Number of protein chains: 2
Amino acid sequence: MGRPPGFDRREVLAAVEREFRKSGYDGTTLDDISAATGLGRGSLYAAFGDKHALFLAALGDYCDQDEASDAAALEGPDETAMERLRAYLIDSVDRQLNDPEQLACMASRFTVELAGRDQEATARLRHGFDAQRAALAGCLRAAQRNGDLDPAAEPVTLATLLVVGFRGISSLIGIGLDRAELVAVIDAILAGLPRPPGPRVHQAATQEPYSQV
Amino acid sequence: MGRPPGFDRREVLAAVEREFRKSGYDGTTLDDISAATGLGRGSLYAAFGDKHALFLAALGDYCDQDEASDAAALEGPDETAMERLRAYLIDSVDRQLNDPEQLACMASRFTVELAGRDQEATARLRHGFDAQRAALAGCLRAAQRNGDLDPAAEPVTLATLLVVGFRGISSLIGIGLDRAELVAVIDAILAGLPRPPGPRVHQAATQEPYSQV
DNA sequence: AACGATCTGGACTGTTCAGTAAAGAACCCT
DNA sequence: AGGGTTCTTTACTGAACAGTCCAGATCGTT
């Protein structure tokens with residue numbers, strides 16, 4: 001038994017992830033990572049391998065956490081499914097807006113940057129997309145059971161629509177859309193989800209959002 | 001009067017744009033650009049300035065064309081406004097899917113990559129966003145005049161929603177969503193736009209899309 | 001307390017990068 | 001047809017890059 005590592009793997013990967021997220025894959029140098037983590041290049045290579053392996057480790061760690069937190073945020077009783085959906089979207093906007101540098105999430109950024117170029121990263125991102133969509137579809141099914149959503153609607157298509165909205169919003173925050181506009185878009189998306197047919201008259205333009213902030 | 005340039009500026013900028021779009025700003029080298037355009041580094045520097053200026057020129061040229069083609073595609077009689085809207089979204093998907101490398105559009109890519117880092121590029125991208133949104137809002141107002149859309153709805157918010165969808169779809173093509181899924185999402189977005197209140201009963205989940213492919 | 005295995009960090013290497021400069025080729029005008 | 005101006009290409013430069021290596025520090029074990 002020799003000397004144990006003097007760093008926490010999760011903490012290091014979080015710092016690495018942030019660097020990559022800030023400057024992109026090509027724009028991040030090992031010196032940047034070394035400065036951000038406080039580890040020398042030798043330590044980084046010994047612990048994680050080369051730059052690409054280090055990136056994949058950070059991406060994997062990020063996706064794991066993201067998938068778990070998405071599932072947790074969208075899990076719950078059928079009665080509040082629509083509220084969870086709205087809170088999930090608003091929260092993701094707020095998290096990015098409150099970020100000191102308003103960086104887009106790892107998934108939004110690297111889906112665009114690495115598609116068709118880094119197969120391993122793309123595969124991991126695809127898995128993350130499937131997980132996010134599945135969590136959203138589960139929440140939509142709960143809403144259907146509660147009578148908030150048309151039971152004839154296809155949950156996976158609507159979940160894909162929500163991920164599309166999520167990614168689109170995440171990328172557009174970068175050019176300076178403000179919170180009020182984004183919240184209005186989120187409410188317009190949710191207002192457009194198909195309501196169940198029945199006695200309640202649908203008046204999309206004037207209806208109340210599912211919950212207020 | 002000396003020797004005139006032996007290249008067409010638009011053609012060169014189109015090749016430059018494609019290189020940047022493929023590999024990103026940091027990932028594109030002047031050698032790549034030199035090979036793609038057939039021009040030496042010296043000619044490029046003399047004609048456009050340094051790498052950043054060259055990028056801005058290519059971005060500006062791309063945005064100019066994009067803004068013009070968006071405006072043209074969405075202009076037309078009120079009666080077919082909804083059809084133009086759908087055709088516009090479907091066309092943009094098809095253009096990207098038929099691209100030999102399925103590259104995301106310039107705007108989608110660099111909005112994410114350069115936000116908070118390149119102010120000049122971000123300003124140009126913001127201008128492009130505003131133009132795209134304005135063109136969509138104009139088309140939505142036409143749909144309102146034709147009675148296809150709730151006159152109480154706010155066209156700019158809905159136009160923002162459509163840009164969000166546009167950008168989200170563009171980025172998600174990269175991880176392998178197929179055309180059928182994307183068309184279903186587009187139809188779900190359009191089906192969710194608020195219909196005018198009135199005798200016609202709204203049954204979102206089962207209604208027909210505005211036109212079939 | 002001393003040993004040995006492991007971690008650590010800075011120096012080193014070959015490569016590639018953006019940008020420059022100068023020599024040579026091509027073209028318009030007179 | 002020739003002169004002058006502009007374009008084009010090649011070779012060059014200093015900096016920055018990813019990745020390697022090794023001497024020294026650190027800690028669990030015996």
Side-chain angles (χ1 to χ4, degrees), chain A residues 1-61 109-110 113-114 117-121, chain B residues 1-61 109-110 113-114 117-121:
Chain A
M1 300 287 161
R3 172 182 174 186
F7 59 87
D8 178 62
R9 184 181 169 90
R10 301 289 290 266
E11 278 178 25
V12 168
L13 285 181
V16 171
E17 173 242 310
R18 186 157 187 87
E19 281 302 306
F20 276 120
R21 196 146 62 94
K22 185 166 68 186
S23 310
Y25 185 80
D26 292 316
T28 300
T29 72
L30 286 178
D31 281 336
D32 294 337
I33 295 173
S34 181
T37 59
L39 269 64
R41 271 197 282 281
S43 306
L44 289 169
Y45 272 85
F48 301 101
D50 67 6
K51 183 183 181 182
H52 188 242
L54 180 55
F55 172 76
L56 288 178
L59 177 65
D61 202 65
R109 160 139 217 168
F110 288 106
E113 190 166 332
L114 299 180
R117 174 180 153 190
D118 182 337
Q119 276 205 305
E120 292 175 284
Chain B
M1 300 288 159
R3 173 181 174 188
F7 58 87
D8 177 61
R9 184 183 169 89
R10 301 288 292 265
E11 277 178 26
V12 168
L13 285 181
V16 171
E17 173 242 308
R18 186 157 187 89
E19 280 303 304
F20 276 121
R21 196 146 65 93
K22 184 165 68 186
S23 310
Y25 186 81
D26 292 318
T28 301
T29 71
L30 285 179
D31 280 336
D32 295 335
I33 295 173
S34 181
T37 60
L39 269 64
R41 271 197 283 283
S43 307
L44 290 168
Y45 273 84
F48 302 100
D50 66 7
K51 183 182 182 184
H52 187 242
L54 179 55
F55 172 76
L56 288 178
L59 177 65
D61 202 63
R109 159 139 219 170
F110 288 106
E113 188 165 332
L114 299 180
R117 176 181 152 191
D118 183 335
Q119 275 204 306
E120 291 176 285

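From a predicted model like this one, the values you see are computed outputs, not experimental measurements. Only heavy atoms go into these numbers, but all of them, side chains included; no hydrogens, no water, no symmetry mates.
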Out of curiosity, [X] [atom1] to [Y] [atom2], how far, rounded to the nearest 0.5 Å?
X	Y	atom1	atom2	value
B/Leu39	B/Tyr45	CG	OH	13.5 Å
A/Leu44	A/Leu54	CG	CG	6.0 Å
B/Thr28	A/Asp26	OG1	CG	8.5 Å
A/Arg109	A/Tyr25	CZ	OH	13.5 Å

Task: Heavy-atom donor-acceptor pair, A/Asp32 side chain to A/Thr29 backbone, under 3.5 Å - done: yes
Task: Under 3.5 Å donor-acceptor, B/Glu19 side chain and B/Ala36 backbone - done: no
Open item on the list: A/Asp118 vs A/His52, test: side-chain contact (heavy atoms from CB on, under 4.5 Å). Steps then yes/no.
Closed with: CA-CA 10 Å; A/Asp118 182 337; A/His52 188 242; 2.5 Å; yes
Roughly how many Å is it from [atom1] in [X] to [atom2] in [N], rounded to a whole number?
X	N	atom1	atom2	answer
A/Leu39	C/dG9	CG	C1'	10 Å
B/Asp8	D/dC7	CG	C1'	16 Å
A/Arg41	D/dC17	CZ	C1'	9 Å
A/Ile33	D/dC17	CD1	P	11 Å

TODO: Name every residue in residues 9-32 of chain B that has at least one heavy atom under 4.0 Å from any atom of DNA chain D, in order of residue number, or write none if there are no such residues.
DONE: none
Task: Sub-4.0 Å heavy-atom contacts from residues 43-54 of chain A onto DNA chain D, ordered by number - done: A/Tyr45, A/Asp50, A/Lys51
- [ ] Might you work through the side-chain contact (heavy atoms from CB on, under 4.5 Å) test for B/Leu114 and B/Phe55, ending with a clear yes or no?
- [x] CA-CA 12 Å; B/Leu114 299 180; B/Phe55 172 76; 3.4 Å; yes
